[in-house]
Amino acid sequence: MARKLTGFLSRFYLLLIMIFLYAPILVMVVLSFNSSRSRVVWEGFTLNWYVRLFSNHQIMDALINTLVLALASAGISLVMGLLAALGISAMRRRGYTITMGLTNIPLLNADIVTGIALMLWFIHFMPLSFHSVLIAHVTFNIPYVILAVLPKIQQMNISIYEASRDLGASAVYGFFTMILPQLTGGLVSGFFMAFTMSMDDFVITYFTKGPGFNTLSTMIYGEIRKGIKPEMYALSTLIFVTVFALLLVVNFLPGRQEEE
Amino acid sequence: MSNTTRGFKWLSGPYLLWCVGFTVIPLLVIVQYAFTDTTGAFTLSNILAILDPIHSKAFLFSLEIALGCTVLCILLAYPLVLVFRRLHLSRGKFMLFVLILPMWMNFILRLLAWQMLLSNNGIINNLLIRLGLQPLAVANTWISIMIGVIYEYLPYMVLPIYNAITDIDEGVIQAAQDLGADSGTIFRKVIFPLSIPGLKSGITMVFVPSMTSFVIADLLGGGRLQLIGNIIEQEFNRSMDWHLGSGLSVALMVFVLISMAFTMKSENVVEEEGRQWRVN
């Protein structure tokens with residue numbers, strides 16, 4: 001009886017948290033099909049916003065900026081973060097402590113301070129636009145890659161790399177055949193984390209972007225007073241559904257195979 | 001460590017250069033702005049401006065929001081993680097999936113959705129009125145800011161605690177059961193102590209952003225309630241007093257780093273793991 005009750009309470013609590021997490025998302029999805037431009041009143045079903053989305057140059061430009069930024073910053077962070085993590089794990093205690101301290105700064109510091117500090121530095125030598133935002137995103141993304149890859153490096157079997165070197169493999173060949181395959185899991189999750197953080201960032205982009213360059217977040221923020229275009233809800237729903245499908249494939253297909 | 005892999009340490013060269021160029025130098029630049037006035041002369045007034053009544057009020061309000069948010073996230077996270085464990089959902093990546101997915105709905109749009117849910121003639125109040133209940137009056141109050149920060153940062157509390165708790169060997173818990181511990185005792189004596197590293201990293205990941213966010217207060221506080229982040233943002237984008245804005249940022253940063261150093265005092269988990277590998 002008590003076991004049943006706790007079982008029921010567990011499920012009920014899970015349901016409440018799910019409602020809390022997904023209520024705002026449901027609101028956006030419903031609004032993307034609402035034929036009214038008004039925010040709260042339902043006036044009937046339409047796919048109009050999905051059609052008009054693709055001819056809205058402003059939204060499409062911001063989408064492309066956001067995606068290019070996320071891909072480029074996650075890619076650069078992946079390479080630099082992997083090399084950094086390999087280096088860090090070979091350091092002696094003092095170098096290790098200093099480097100990990102530096103790595104923690106962007107993670108611990110408030111976004112607003114990071115964004116403002118970068119902006120104040122950038123204006124000394126470069127215009128604020130795509131490149132400044134890219135540098136900023138790489139800066140806050142590398143720590144996520146390092147933290148994802150470092151534990152995998154610590155778990156990996158380094159002897160097979162050393163054996164391959166003793167048997168005459170070049171450092172590069174040994175790296176690609178002996179080390180990289182052991183780190184795939186950490187690299188994938190590091191890249192995914194970095195991509196997500198870049199897509200979801202608002203504050204740091206806002207301070208480092210300069211006029212004329214917009215990501216989806218900064219464009220939406222600029223439009224709040226004029227009213228959000230319903231096309232934005234449609235785009236967000238599409239992004240959400242795409243990621244949902246991707247995650248479903250990535251997470252649950254391999255898991256099922258393992259169980260069998 | 002063999003001679004073959006000792007040379008690996010040079011691989012972090014590009015990253016260290018990057019750190020100096022885009023982490024260390026920007027912080028020196030903001031400190032320089034903070035300690036000078038528009039003529040370039042040294043001054044402490046930008047830093048001390050945090051004691052000004054308007055600023056200190058916003059600072060204390062931010063602190064209240066951040067503490068409240070951190071405590072509530074902890075209280076929500078533990079039962080959630082335990083429920084996942086009980087329902088055997090902790091295997092696979094279901095938890096990660098459920099918590100990360102909402103991050104793909106744009107940050108600003110998520111907050112606008114909460115604005116619509118919570119506003120006085122919003123969705124929740126419409127539902128309450130239809131059910132014959134009293135509507136809520138939380139729009140533009142600290143309560144809606146609190147809901148916003150909890151919504152945004154709860155995953156950052158849940159994930160590290162979850163990671164710490166799923167790492168606990170099932171055998172340890174079974175041993176406690178065999179020795180007669182009830183589930184309350186198991187939580188207090190086994191699960192909670194082993195989850196502390198996760199809890200600490202959760203606290204650092206929730207406390208700082210919930211204290212410094214300006215967008216959440218902007219959208220859900222109706223512009224009347226200001227966090228310290230709002231004041232700093234306005235110094236940069238409306239008042240154009242960059243030196244004052246930098247001074248307040250540096251004061252905030254020092255506070256954040258000191259309080260985090262305090263939380264992380266015994267937090268050497270990553271370092272321990274790192275050393276293990278180097279010994280081998």
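Chain identifiers are assigned alphabetically (A, B, ...) following the order of the sequence lines, protein sequences preceding nucleic acid strands; residue numbering begins at 1 within each chain. For the numbers below, each heavy atom of this structure counts, side chains included, while hydrogens, waters and symmetry mates do not. Computed from a predicted model, the values in this text were never measured in an experiment.
- There is no contact between B:Val31 and chain A, counting heavy-atom distances below 4.5 Å.
- Remark: side-chain polar atoms of A:Trp121 are not paired, donor with acceptor, to backbone N or O of B:Thr23 under 3.5 angstrom.
- In this structure, the portion of B:Ser246 lying under 4.5 Å from any heavy atom of chain A is its side chain and not its backbone.
- For B:Gln32, no part lies under 4.5 angstrom from a heavy atom of chain A.
- For A:Tyr233 (side chain) and B:Leu109 (main-chain N/O), no donor-acceptor pair under 3.5 Å exists by modelled atom type.
- When heavy atoms are compared at a cutoff of 4.5 Å, B:Leu219 approaches chain A solely by way of its side chain, counted from C-beta outward.
- Ranked by heavy-atom pairs under 4.5 Å with chain B, the list A:Phe122, A:Phe202, A:Phe140 is led by A:Phe202.
- Looking at B:Ile100, only its side chain comes within 4.5 Å of chain A, counting heavy atoms on both sides.
- For a residue to count as touching a neighbouring chain, one of its non-hydrogen atoms must lie under 4.5 Å from one of that chain's; by this rule A:Phe175 does not touch chain B.
- Below 30°, between 30° and 60°, or above 60°: for A:Phe20 and B:Tyr151 the angle between ring planes is above 60°, a perpendicular geometry.
- For B:Phe236, the part sitting under 4.5 Å from any heavy atom of chain A is the side chain, from C-beta outward, and nothing else.
- For B:Tyr33, the part sitting under 4.5 Å from any heavy atom of chain A is the side chain, from C-beta outward, and nothing else.
- Looking at B:Leu117, the atoms closer than 4.5 Å to chain A (heavy atoms on both sides) all sit in the side chain, from C-beta outward.
- Looking at B:Leu252, only its side chain comes within 4.5 Å of chain A, counting heavy atoms on both sides.
- Interface residue A:Ile123: only side-chain heavy atoms are found under 4.5 Å from chain B.
- At a threshold of 4.5 Å between non-hydrogen side-chain atoms, the residues B:Tyr15 and A:Thr103 count as touching.
- Contact of the B:Val29 side chain with the A:His124 side chain is registered, since non-hydrogen atoms from C-beta on lie closer than 4.5 Å.
- Side-chain N/O atoms of A:Ser217 and B:Asn106 include a donor and acceptor closer than 3.5 Å.
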